[in-house]
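Comments concern the structure below.
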There are 2 protein chains.
Amino acid sequence: MTHPKRRGRRPAGEDTKAALLSAARAVFTEQGFDGATVRTIASRAEVDPAMVNHWFGGKQGLFAAAIQLPVDPEQIRMTVHNSPPEEIAERVLRTFISVWDDSSGGGFAALMRSAATQESAAKLLREFIATTFGTRLRELGVDHPDLRVTLFGSQLSGLGLVRYVLRQEPLASADVDTLVATIGRTLQRYLTGDLGLGGE
Amino acid sequence: MTHPKRRGRRPAGEDTKAALLSAARAVFTEQGFDGATVRTIASRAEVDPAMVNHWFGGKQGLFAAAIQLPVDPEQIRMTVHNSPPEEIAERVLRTFISVWDDSSGGGFAALMRSAATQESAAKLLREFIATTFGTRLRELGVDHPDLRVTLFGSQLSGLGLVRYVLRQEPLASADVDTLVATIGRTLQRYLTGDLGLGGE
DNA sequence: GGATAAATTCACTACTTGTTGAAAAGGAGT
DNA sequence: ACTCCTTTTCAACAAGTAGTGAATTTATCC
């Protein structure tokens, strides 16, 4: 054993880029952006920290690559825009659940933990939701459109929090139909139902 | 001008301890425990970083002093236990709102941001909610008590998220009665209402 | 097989963090 | 006025951070 670790190009097949990505998803999910260190990620990927710079240009680039949202904003916008009013909630909820359930590495948790510190992602998300749903609701002519959007957002983000971040049972493993029956009904009321406010 | 800053004991009245506490609440709330740095807090308090050690024994001590929860768990437990079933949601919601609205420095945001990384606080909170509400619901003999508790938690934490962390209008400034009318109704349905699940 | 390019390691820089200890400054008590 | 003692500042440390660049090893192409 002359060297602690073999230098130079490794035999093909050991895809360090993929290993880094996988480790990054795990660590970012657990620790958030600031909490995660390049060294920790590299060590979990059994790879040199410098590889992060080599492959992704730095910590920020690795983060961007690791947390690529499995969401196509345009698709959601279309869903909201083209659904009949009374089905918007169910369709969006089903999309929400299938997207984040599939995102194997707990992408939502990562998003939450990073949004708390990064703030920029949260702002984008916020504005996206506000405009997408806001315009549609105004189009439909319901009362208190802005309040409805934030109510909708509160229940949806709360679901994400409990299901994906806290992983609290039985909600964490509840099947889609159960969620649609319970939370979907709430969401639909927030969008187009009777809010229960006296005036008007 | 012989010295950049005057050394030594300051004239009485400039309570640096209080200044530090106030700055600490603000910065911890905005950045969370890890994100906040002693230097930032000290600088906002216009005070030397070393004062944190002098007065609070370190960053951890300052945190403990700054974040004292304005919640009395026993009080909530009593509310849940002694309320007639159909009023639990409204009472808990009103308590929740008044407690966290009063907590001037955004205590909920600090709790969330720290809970995301610290995890121990989250676990405690989770178990507290699960047992308190779980036992009461089982006592009442409703179906799916555990699911109901998590649904309840999802809407309540979502409200906290949007109102206190993201501060999204108009929900962030909505008055108590509006919240009771909209979200309270949801919460009550989750606790004792019809969940909409086929079976039973 | 020899040249080239890619992949990896390592030593290093520059910076930030929390914390420490000594020195300085001024009030308080006698 | 003289001594304490508290408060404050400053400089520095040890540990940890991300990122850089040269050196080195290996695959791949001609």
Side-chain angles (χ1 to χ4, degrees), chain A residues 1-28 30-67 113-114 117-118, chain B residues 1-28 30-67 113-114 117-118:
Chain A
M1 192 190 296
T2 54
H3 290 300
K5 283 192 180 180
R6 267 184 22 231
R7 281 198 171 188
R9 190 171 181 175
R10 287 286 183 75
E14 313 181 15
D15 200 337
T16 71
K17 203 171 164 184
L20 265 178
L21 270 177
S22 161
R25 284 204 193 87
V27 178
F28 279 136
E30 293 166 16
Q31 320 259 16
F33 183 79
D34 292 320
T37 78
V38 170
R39 288 168 154 83
T40 305
I41 295 173
S43 132
R44 185 177 304 200
E46 291 175 318
V47 142
D48 193 278
M51 303 313 294
V52 169
N53 283 330
H54 190 341
W55 288 110
F56 302 95
K59 187 185 184 181
Q60 193 67 247
L62 177 57
F63 182 76
I67 309 286
R113 295 204 158 109
S114 306
T117 53
Q118 292 236 339
Chain B
M1 193 192 295
T2 53
H3 289 300
K5 283 192 180 181
R6 269 183 20 232
R7 284 198 169 187
R9 191 171 180 176
R10 288 285 183 76
E14 312 181 16
D15 200 338
T16 71
K17 203 171 164 184
L20 265 178
L21 269 178
S22 161
R25 285 206 192 87
V27 178
F28 279 135
E30 292 165 17
Q31 320 259 17
F33 183 79
D34 291 321
T37 77
V38 170
R39 286 170 157 82
T40 304
I41 295 173
S43 131
R44 186 178 300 201
E46 291 174 316
V47 142
D48 192 279
M51 303 314 293
V52 169
N53 277 25
H54 189 347
W55 289 111
F56 301 97
K59 188 186 184 181
Q60 194 66 247
L62 177 56
F63 183 76
I67 309 284
R113 295 205 158 109
S114 304
T117 53
Q118 294 235 344

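Letters go in sequence order (proteins before strands), and every chain restarts at 1. Any value given below was found using the heavy atoms of this structure, including those in side chains, with hydrogens, waters and symmetry copies removed.
Rounded to an integer number of Å, the gap from A:K59 NZ to D:dA18 P is 5 Å. Across the protein-nucleic acid pair, A:M51 atom CE and D:dT20 atom C1' stand 14 Å apart, rounded to whole Å. Atom CG of B:D48 is separated from atom P of D:dA11 by 11 Å (rounded to the nearest Å). Rounded to whole Å, atom P of D:dT6 lies 16 Å from atom CG of B:D15. For the pair B:H54 NE2 and C:dA23 P, the interatomic distance rounds to 17 Å; values are reported in whole Å. One can place NZ of A:K17 at 9 Å from P of C:dA7, the figure rounded to the nearest angstrom. In this structure, A:Q60 places its CD atom 12 Å from C1' of D:dA18, rounding to the nearest Å. One atom, CZ of B:F56, and another, P of C:dT20, lie 16 Å apart when rounded to the nearest Å.
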>> Would A:W55 and A:L21 count as a side-chain contact (heavy atoms from CB on, under 4.5 Å) here? Give the steps.
In response: CA-CA 10 Å; A:W55 288 110; A:L21 270 177; over 6 Å; no

>> For A:I41 and A:L62: C-alpha separation, side-chain torsions, deciding distance, then whether side-chain contact (heavy atoms from CB on, under 4.5 Å) applies.
In response: CA-CA 10 Å; A:I41 295 173; A:L62 177 57; 4.1 Å; yes

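One finds no side-chain N or O of A:W55 lying less than 4.0 angstrom from the OP1 or OP2 phosphate oxygen of C:dA7. Distances shown here put every side-chain N or O of A:T37 at or beyond 4.0 Å from the OP1 or OP2 atom of D:dG16.
Here the CD-OG1 distance, from B:E46 to B:T16, works out to 12.0 Å after rounding to the nearest 0.5 Å.
Distance from the side chain of A:A50 is smallest to C:dC10 among C:dC10, C:dA7, D:dT9. Distance from the side chain of B:N53 is smallest for C:dT19 among the nucleotides D:dT8, D:dT20, C:dT19.
At least one side-chain heavy atom of A:V47 sits less than 4.5 Å from a side-chain heavy atom of A:L20.
Summarising the geometry of B:R39 relative to B:P49, their closest heavy-atom pair is CG-CG, 4.2 Å, with the distance given to 0.1 Å.
Within the nucleic acid shown, B:A36 comes within 4.0 Å of sugar-phosphate atoms alone, with no base atom in reach, counting heavy atoms only.
Evaluation of atom-type donor-acceptor distances gives no pair under 3.5 Å for the side chain of A:R39 against the base of D:dG16.
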